[in-house]
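Sequence positions, counted from 1, serve as the residue numbers for this chain. Reckoned from all heavy atoms, side chains included, excluding hydrogens, waters and symmetry mates.
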Amino acid sequence: MSPVSRPVSLPHPILPAADWADRFTLGLAVEGLTAREAARLALEHPPGWVRRLMVLRNALVAPFGLKSAAERVATSETEIGGFPVVSASDGRVVLGFDDRHLDFRIVIDVLQDRPSGQTLSVMTLVHRNNLIGRLYLAAVMPFHKLIVRRMLSGIGERVLTSPR
């Protein structure tokens, strides 16, 4: 159960100005998982090392005017795991916001496209607005890929071990 990198075509209708994107998918041997449930499973319980990285990230980016990541992981109708909900349906949740240096969206899709299960997809779209946005994305990229892969694997583990 390993996430697989998939290509993304730009421009993308969710963030037409995006100039960077990635997407990872994972097949799950479950049915009936919604995108909102998948987002909550992924974002409400990050591993300790991810929480520590976010604290470090917040301290490092504050002088450059980048928005801080949520210190507390909140979920409501308007946010999941500290990220604002842009739109939501059973099959897709779009999270993200626009900032002075970059705009981003996290797109979580759940597709009933397997004979006995679903395919989960996490796509990240970014529009870098200026040099600071470009430098920031370059700096976080290795961590981003590691975090998204771990996030997807964590959903797979949680959905197979917890009642929904």
Output the distance between atom CG (Leu125) and atom CG (Asp103), rounded to the nearest 0.5 Å. 11.0 Å
So how far is it from Ile155 CD1 to Leu41 CG, rounded to the nearest 0.5 Å? 6.0 Å
Can you find a heavy atom in the side chain of Arg105 that is under 4.5 Å from one in the side chain of Asp98? yes
Decide yes or no for Ile80 and Val85: does some side-chain heavy atom of the first lie under 4.5 Å from some side-chain heavy atom of the second? yes
Can you tell me how far apart CD1 (Ile14) and CD1 (Ile106) are? Round to the nearest 0.5 Å. 12.0 Å
Do any pairs count as a salt bridge (Lys or Arg N to Asp or Glu O under 4.0 Å) and have a residue in residues 3-13, sequence neighbours left out, and if so which ones? none
Hydrophobic cluster identity match, Leu120 and Val8, side-chain contacts under 4.5 Å: no
Which atoms form the tightest heavy-atom contact between Ser89 and Ala35, and what is the distance? O-CB, 4.0 Å
Establish whether Leu26 and Met151 are linked, either directly or via other cluster members, by ILVMFWY side-chain heavy-atom contacts under 4.5 Å. yes
Within-4.5 Å side-chain heavy-atom neighbours: Leu95 and Leu43: yes
Same cluster or not: are Val148 and Ile108 linked, directly or through other Ile, Leu, Val, Met, Phe, Trp or Tyr residues, by side-chain heavy atoms under 4.5 angstrom apart? yes
Running the 4.5 Å side-chain criterion over Ile, Leu, Val, Met, Phe, Trp and Tyr, what cluster does Leu131 land in, apart from itself? Leu135
Under the side chain to side chain donor-acceptor pair (under 3.5 Å) test, which residues partner Arg149, sequence neighbours left out? none
Which heavy-atom pair separates Glu37 from Gly32 by the least distance, and what is that distance? OE1-O, 3.6 Å
Output the distance between atom CD1 (Ile147) and atom NZ (Lys145), rounded to the nearest 0.5 Å. 12.5 Å
Return the OG1 to CD distance between Thr119 and Gln112, rounded to the nearest 0.5 Å. 9.0 Å
Do you know which two heavy atoms are closest between Pro13 and Pro16, and how far apart they sit? O-CD, 3.6 Å
Set of side chain to side chain contact (heavy atoms under 4.5 Å, CB included) partners for Arg134, sequence neighbours left out: Asp19, Arg128
So, for Pro3 and Phe24, which heavy atoms are closest and what is the spacing to 0.1 Å? CB-CB, 4.5 Å
Backbone of Asp99 reached by a side-chain donor or acceptor of Asn129 within 3.5 Å: yes
Is a donor on one side and an acceptor on the other found under 3.5 Å between the side chain of Asn130 and the backbone of Gly133? yes
Can you name the side chain to side chain contact (heavy atoms under 4.5 Å, CB included) partners of Asp109, sequence neighbours left out? Arg92, Val107, Ser121
Would you say Trp20 and Val122 are hydrophobically clustered, going by side-chain heavy atoms of ILVMFWY under 4.5 Å? yes
Any donor-acceptor pair under 3.5 Å from Gln118 side chain to Ala29 backbone: no
Spacing of Leu15 atom CG and Thr124 atom OG1 [to the nearest 0.5 Å]: 11.0 Å
Can you list everything that forms a salt bridge (Lys or Arg N to Asp or Glu O under 4.0 Å) with Arg52? Sequence neighbours excluded, please. none
When you group the ILVMFWY residues by side-chain heavy-atom contacts below 4.5 Å and let the links chain together, are Tyr136 and Val126 in the same group? yes
